[in-house]
Amino acid sequence: MSFELEELLLVSVAYLLALFFCAWATEKGLIPEKITRHPAVYVLSLGVYASSWAYFGSLGFANEHGYVFLAFYLGVSGAFLLSPVLLHPILKITRTYQLSSLADLFAFRFRSPVAGTLATVLMLTATMPLLSLQIQAVSDSIHLISKEYSPERLAIVFCVMVALFAALFGTRNPSTRDRHQGLVMAIAVESVVKLVVMATLGLVILFEVFHGLDGVEVWLAVHQDSLIEMQTPLEDGPWRSMLLMFFASAIVMPHMFHMTFAENRSQRSLHIASWALPLFLLILSLPTLLILWAGIKLDSPVAADYFTLFIGQALDMPWLTIVAYIGGLAAASGLTIVTILALSSMIMNHIVLPYHPPRLQIEVNIYRWLIWFKRCIIVALIVSSYGFYRMLEAERALYNLGVIAYVGALQLLPGALCVLYWPKANHKGFIVGLIGGTTFWFFTMMLPQMVDFSLFSSTMNEVSTYLYQQWHLLGMTALSVNAVLIYLVSKFTRMSPEERSAASACLVESDSRNEQKVPEAKSAHDFHEMLSKPLGELVAQKEVSRALSDLNISEEENRPHALRRLRERIEKNLSGLMGPTVAHDIVDTFLPWDENKGYVTRDIHFMESRLEAYHSQLSGLAGELDDLRRYHRDTLNNLPMALCSVDAAGEIMLWNQAMSHMTDIPASDVLGSPMNQIPEPWNKILGNFARIDSHHLPKHGVEINGQLRYFNLHKANLEAPLSGVSGNKVMLLEDHTENQMLEDQLFHSERLASIGQLAAGVAHEIGNPVTAIDCLAQELKALSEEDDTRQVAGQVLEQTKRVSRIVQMLMSYSHNGKNRSETSTHEPVDLFTSVQESISLLQLGRKSSNISFLNLCDPDHRVAGDPQKLQQVFINLLNNAVDASDENSTITIRTSASDHTIKVDVEDQGHGIPASIQERLFEPFFTTKETGKGTGLGLALTWNIIEEHFGTIRVISPTDKNLDKGTRFEISLPRHEPQSIRQQHGYMTYRPHDSWEQEGETV
């Protein structure tokens, strides 16, 4: 039974077109995201590991080496079972720095373009046998089932279709930050196809060849020698080397690295894959022995590699043959697509761009250029693979090619382990070790497969054959040479500071305390201008905007910490676009550090935000420590005292709520900013205090918004928690303004009391000579007979009486009035007299000499109260009226009466009081006068005295609406009534901000 070549061509094209449709439907969103983004799809995409070597080659290996073939499945399963210490750290690094291949990882870790280039060249050399294995598997399959002796035409069609698929669905986005979900979905479907085909073959063989499990047991009992032959290689065979080789393939083979890390969307998916992929491989491996035993039982004339194709022919089941062919096509196409896609990225990032970068102009679209150049590389790779396949001998066993490829890639394992677990390894050791191990592998394993030594001599051919039979020893020797050279060279050579920083960033248990520099660029606009030179205007704008969006910061951002993160983010994004080598060179050259700023510590605020993002994922001791951190942070943030902290470079690290309330500056506006960039006057207050040696600065006066305010400042020096560098400070601010004003008022009151006592003493001393002058004037007037003398004596008497009245008023005003607690009843106060005395006192001052006072109070109006305190009220109101009045103005005081109250109006013709401040007039310390000309306590004291007398006071301003001038204070006080009337009617009490109430009976 055979098939025509056209029939196989139709089947092949139909299958590959089905893959095209699956990928296209995924990209267009025709398949729901809950399916395409399901972790099961990611796990199945990792089934790309089961290539033609698993589908065909493992049968040939099992036939020669027995159960050792299981190492192919057990090795990679062990790597995924150890994913917490092997795969998860690599995933974290690749996601953080947008690395898409192992070559990217080496270039980033060792900070050497040569490291990335050598890894790429080795990967390319090692995978050529693996790619040719896939082409040979398809070609041999066609040859076996079509009886055509020239199946190369279909092999060409296979290569074209695979290259087209990779070019269309693997290069849609130039950056690795964008996953190729269509590719992932197609590879997952291929894994399902392989699983269904293997299960179908196993079931058909079980029931059609062996007629059930009993038939298998009977056949094995008869062919005990077959079981013994399969177990013998375990005793001295290459199973240890096989386990290590396939264990390493999880990270060193380009197709596995690409699907495991570059196309990964979450750590959760990798966590599920750590057990799901071994389960998938276990199920996939179960039919292998049944297929092998069935081929032996049916006395297959073909090599054991192709028993899967022979079963259908032997059982005369054409459909089974086609199914087996599709399974082999799926195994070959999946690995070929992903491998050439991964290799194209490595070649672009580590061979093309570092050594032959494009000459970019402003109008050049680098994204399109990268996509089309990568597609050209894909075509070149598939052509090279086909050429390598044609160069090899047709009789070469499939598993031979697989072994060569896996041993070659194994040379990358020491470098990968150094990335994670040995921070002292440097690029010199890696390069020397990789060259040493690769050279040994190439001349002992790779070259004999490429050259037919029988053409030279039979001895050389025998040596070549013998060496290949000892491939496991050769492979371990090459690996040992590699590891020893890495250790020795790294041990005796030094690392650069940049490489040491990268090594610390890659460690599994990183305790990085590296200091960071400040970028020379001062804004996002500067980043755009600097990147326009290497990238062009359009690309620079897009990359800066993308980085700003990733970090969620605005274009106006100018804080050093934010700009440092922006620079790092741009480098990471460019790393995903062009590879870490080119990205680092571009950023290092065109976005340099500011060497004049030196080093500063890490952005504590940014680290806090990252801890907040991971808070829900922390548990155990880590969770408890994070809760303690949050408690201390909230304590500082809610502290009722203004607090801020600055690092060694003078940048704000902490700005609590009390500080924001005191300064009216939100924390988000200043965190990470230098002190000299925060708004005035706080930049000078904090900056000057941070520079002085003293740790305390009491009663520091600062003028803010035209008002003098006083602060107590305290500071303490801290040691940076991450770098151990001194210079970090924490500062506390206390607003001492109200206390200072109260102290000034108390001092002023004490001074007034002293002046009052002095005035009383002076008045007493003046009284005696004035009395003597009065007596002499009276005597002179009585004894003199001259009219002029008598007239002068009369004038002297008038002036002495005036002096006596002034002295009497001063002495009366200097006496302390009785407070409310000292008497239960108020005296009758003559308002006219009290007002007149207040006017007389004010007229003693110069500022009242040009002001007219009009006392229109009714002499019969009396109120119940303390004469001294009420006189203080009138003096305060009249004094304020004088201050507000212009020269030659008139101040009027009048009274009016109702049943139980007397209303006193004090009205001036001054500039008036704005409505915006009228509600605050009676607040303590509130004043509109210049500093030193008012305490802000006069009206507050007036309010208290009026309230104490059960009265009310209100202000009306302006009184003249046309001229917008004049102010009138209206005071209502209880009228003085005889005791009998008071008992009958009671008296009125005023509560602030309330209504009139009556003590006693209701009126």
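Throughout, numbering of the chain's residues begins at 1 and tracks the sequence.
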Item to check | Heavy-atom donor-acceptor pair, Ser384 side chain to Ala380 backbone, under 3.5 Å | outcome: yes
Checklist entry - So, for Arg569 and Gln98, which heavy atoms are closest and what is the spacing to 0.1 Å? => result NH2-NE2, 3.7 Å
Item to check | Ala248 to Leu410 - nearest heavy-atom pair and separation | outcome: CB-CD1, 3.5 Å
Checklist entry - So do Leu381 and Leu124 actually touch side chain to side chain, heavy atoms under 4.5 Å? => result yes
Next on the checklist: Which residue is it: Leu341, Leu343, Thr336, Ile337? I am looking for the one with a side chain to side chain contact (heavy atoms under 4.5 Å, CB included) to Thr339.
Outcome noted: Leu343
Next on the checklist: Is it the case that the side chain of Ser501 and the backbone of Pro497 share a donor-acceptor pair, with hydrogens and angles ignored and the cut-off at 3.5 Å?
Outcome noted: no
Next on the checklist: Could you walk me through whether Ile90 and Leu420 satisfy the side chain to side chain contact (heavy atoms under 4.5 Å, CB included) test, starting with their C-alpha distance in whole Å, then the side-chain angles of each, then the deciding distance to 0.1 Å, before giving a yes or no?
Outcome noted: CA-CA 8 Å; Ile90 297 178; Leu420 299 179; 3.9 Å; yes
Checklist entry - Please walk me through it: do His584 and Glu571 pass side chain to side chain contact (heavy atoms under 4.5 Å, CB included)? => result CA-CA 6 Å; His584 180 71; Glu571 181 173 351; 3.0 Å; yes
Next on the checklist: Tell me the closest heavy-atom pair linking Thr120 and Gly116, and the distance in Å.
Outcome noted: OG1-O, 2.8 Å
Next on the checklist: Between Phe442 and Leu122, does the side chain to side chain contact (heavy atoms under 4.5 Å, CB included) criterion hold? Intermediate values first, please.
Outcome noted: CA-CA 10 Å; Phe442 181 82; Leu122 171 59; over 6 Å; no
Item to check | Side-chain donor-acceptor pair present, Ser100, Asp104, cut-off under 3.5 Å | outcome: yes
Item to check | Any side-chain heavy-atom pair of Glu263 and His258 under 4.5 Å | outcome: yes
Item to check | Pair Lys428-Ser490, side-chain donor/acceptor within less than 3.5 Å | outcome: no
Checklist entry - With side chains defined as the heavy atoms from C-beta onward, is the minimum distance between Leu270 and Tyr42 less than 4.5 Å? => result yes
Checklist entry - Are side-chain heavy atoms of Phe106 and Val419 found at a separation under 4.5 Å? => result yes
Next on the checklist: Can you list everything that forms a ring-ring contact (aromatic ring centres under 6.0 Å, His included) with Tyr487? Sequence neighbours excluded, please.
Outcome noted: Trp422
Checklist entry - Mind checking what makes ring-ring contact (aromatic ring centres under 6.0 Å, His included) contact with Phe110, not counting sequence neighbours? => result Phe430
Checklist entry - Among pairs that include at least one residue of residues 73-94, which meet ring pair (Phe, Tyr, Trp, His ring centres under 6.0 Å), considering only residues two or more places apart or in two chains? => result none
Checklist entry - When the ring centroid of Phe72 is compared with that of Phe69, is the distance short of 6.0 Å? => result no
Next on the checklist: Given the ring of Phe590, does Lys533 sit roughly above its face, with NZ or CZ under 6.0 Å from the centre of the six-membered ring and within 45° of the axis?
Outcome noted: no
Checklist entry - Does any non-hydrogen side-chain atom of Leu485 lie less than 4.5 Å from one of Leu434? => result no
Checklist entry - Can you name the nearest heavy-atom pair linking Asn482 to Gly437, along with the distance? => result CB-CA, 4.2 Å
Checklist entry - Looking at Ala478 and Gln411, what are the two nearest heavy atoms and their distance? => result O-OE1, 3.1 Å
Checklist entry - Where the side chain of Thr94 meets the backbone of Leu91, is there a donor-acceptor pair that is under 3.5 Å apart? => result yes
Checklist entry - Roughly how far, to the nearest 0.5 Å, is the OG1 atom of Thr127 from the CG atom of Leu335? => result 9.0 Å
Checklist entry - Val403 versus Met445: any side-chain heavy-atom pair under 4.5 Å? => result yes
Checklist entry - If you round to the nearest 0.5 Å, how far is CZ of Phe257 from CG of Leu412? => result 10.5 Å
Next on the checklist: Evaluate Leu87 against Phe261 for side chain to side chain contact (heavy atoms under 4.5 Å, CB included), listing each step before the verdict.
Outcome noted: CA-CA 9 Å; Leu87 304 183; Phe261 305 113; 3.9 Å; yes
Checklist outcome for this item: All heavy atoms of Ile404 vs all of Trp441, minimum pair found to be O-NE1, 3.2 Å
Item to check | Asp588 side chain near Arg567 side chain, heavy-atom distance below 4.5 Å | outcome: yes
Next on the checklist: Is it the case that the side chains of Asn426 and Glu499 hold a donor-acceptor pair, with the cut-off being a distance below 3.5 Å and no angle test?
Outcome noted: no
Checklist entry - If we ignore angles and hydrogens, is there a donor and acceptor under 3.5 Å between the side chains of Gln134 and Ser52? => result yes
Checklist entry - Taking atom types as modelled and ignoring hydrogens, do the side chains of Ser269 and Ser266 form a donor-acceptor contact shorter than 3.5 angstrom? => result yes
Checklist entry - Would you say the side chain of Ser385 lies within less than 4.5 Å of the side chain of Ile135, judging by non-hydrogen atoms? => result yes
